[in-house]
Participant: 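Let me give you the structure first, and then I'll get to my questions.
Just so it is clear, the model here is predicted, and its values are computed rather than measured. A, B, ... follow the sequence lines: proteins, then strands. Residue 1 opens every chain. Keep in mind that the numbers below use all heavy atoms, side chains included, and drop hydrogens, waters and symmetry copies.
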Amino acid sequence: MQLTVTDDHTRSGWLDQFDPRLRLLTALLFALTTVSLQQTPLLLLVLAASLLSALFTGLTGSLLLKRLLAMEGFMILLLIMLPFSVPGDSLFTLGSFSASTQGLERVLQIVLKANAIVIMLMTLIGTLEPVVLGHALGQLRLPEKLIHLFLFTVRYIGVLFDEYQRLRMAMRARAFVAGSNRHTWRSFGWLIGMLLVRSLERSQRILAAMKCRGFNGRLYLITTEHWQRRDSVILSILSLFFLLLLLSDHLL
Amino acid sequence: MISGALVSTALLVVATRRLDFERIPQAAVLAAAFFIASLLSVPVGPSSVHLILNGLMGIILGWSAVPAILVALVMQAVFFGYGGLLVLGVNTLNIALPALICGLLFAPALRQANGKNTLYLGALCGGLGVILTGLMVSLSLGLSGPDFLPAAKIMLATYTPLVLAEAAVTGFTLAFIIKVAPELIRVQE
């Protein structure tokens, strides 16, 4: 199962020369800055920036688009309703409801913000190996237990996905077709139940195996990544840039 | 949004205190299983839905459901682009709090239930989990601005098929677990 956005031939190494922590912090600062911007032209600029960085990283357009569409599908309801619920000058009327220009502008801003943030997030963090991400989060002093949980979960998602596919294959071999009926719900219920039962057994074996190897509740996060002066320089330049954006947003 | 993040953090602190290192592998593997299960697309009428399974998570994982849900949401946000970085706190709260409530309400009864009762109790639990989540999502939308209120109400209506599927599947899953591996719902004791 593929978690990262890149596959082997699109992976361009230029982002990998920086410390993963820098990428995390940049993504966070970028998101925080973007949500606080109020001016539409600046939002366009921000979206352009994240598109450019996605292009530089060599993200494949189709994969990016597919994931963006998934998010858009979720927001669409919200966005259709907004022009009608924000009070303001009437733009057009639909029956007894009237859409306001102010509402439409809000919609535009939300779309710009959401897309800019998600694209940047996928560029900077989606291209990290999950394990590297876990280590970077650990180095940022997040609670150790959470990091452990994250690393273990990432490790076993792949394994359990194989298990899931075996079970689905067995169902298909018995001509199972999902439909909207009791049989499907029962089969899926049993499928999930079986998945959980096997996971529990697996986790007991894992714990036993880890105890045999002297697991004392700590995973040692060994990484070759080091925060370099270059990373600090870039972080300060970027912070300055974000501040500038916020300032111009305020002044304009 | 900020208050959601704060409450989530508080819940997380409690949950991580209760999660000792012995149980991390178990919680993680079960979290991974739930992550996989949520990829399943269940047909309901003309459409199909992806399950949240937070009622079931509350029963099986107990307090560990909170960090497990956070981890799953982080992975979704980062690798699939669903949800977002900044609403992570609210999302975790909206899914994890119903999970905790379901766990508290139904786990004791389920341990003693048998036969058909399990199915109905489980269905009730699965349905309730999603209904609470839907209510909380609408509430957080409404709180973030009165202009979102009409959309929030409609969004609540779109939860109906999800509630049905979730109730049915959770019911059957729990009935299966009680028969095959009753120790699974006692792991948190």
Participant: Roughly how far apart are N54(B) CG and F34(B) CZ, rounded to 0.5 Å?
Facilitator: 10.0 Å
Participant: Out of M194(A), R168(A), R202(A), which one racks up the most heavy-atom pairs below 4.5 Å with chain B?
Facilitator: M194(A)
Participant: Against chain A, label L53(B) side chain, backbone, both or neither, depending on which of its atoms sit under 4.5 Å from a heavy atom there.
Facilitator: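 Just its side chain gets close to chain A.
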Participant: Chain B: which of Y164(A), Y156(A), W185(A) shares the most heavy-atom pairs with it under 4.5 Å?
Facilitator: W185(A)
Participant: Given that the side chain runs from C-beta out, which part of L56(B) has a heavy atom under 4.5 Å from chain A: side chain, backbone, both or neither?
Facilitator: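 Side chain only.
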Participant: Might you point out which heavy atoms bring P25(B) and S203(A) nearest each other, and give the distance in Å?
Facilitator: O-CB, 4.0 Å
Participant: For L40(B), is it the side chain, the backbone, both or neither that has a heavy atom under 4.5 Å from a heavy atom of chain A?
Facilitator: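 Looking at L40(B), backbone and side chain both touch chain A.
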Participant: Find out whether L121(B) and F106(B) are in side-chain contact, i.e. whether some heavy atom of one side chain is under 4.5 Å from a heavy atom of the other.
Facilitator: yes
Participant: Kindly compute the distance separating CG (L100(B)) from CG (L93(B)), expressed to the nearest 0.5 Å.
Facilitator: 9.5 Å
Participant: If you count heavy-atom pairs within less than 4.5 Å of chain B, which of V197(A), L196(A), L191(A) leads?
Facilitator: L196(A)
Participant: Quick one: are H148(A) and E144(A) in side-chain contact, heavy atoms under 4.5 Å?
Facilitator: yes
Participant: Between K113(A) (side chain) and L37(A) (backbone), is there a donor-acceptor pair under 3.5 Å?
Facilitator: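 Pair found, side chain donor or acceptor close to backbone of L37(A).
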Participant: For I206(A), is it the side chain, the backbone, both or neither that has a heavy atom under 4.5 Å from a heavy atom of chain B?
Facilitator: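 Only the side chain of I206(A) comes within 4.5 Å of chain B.
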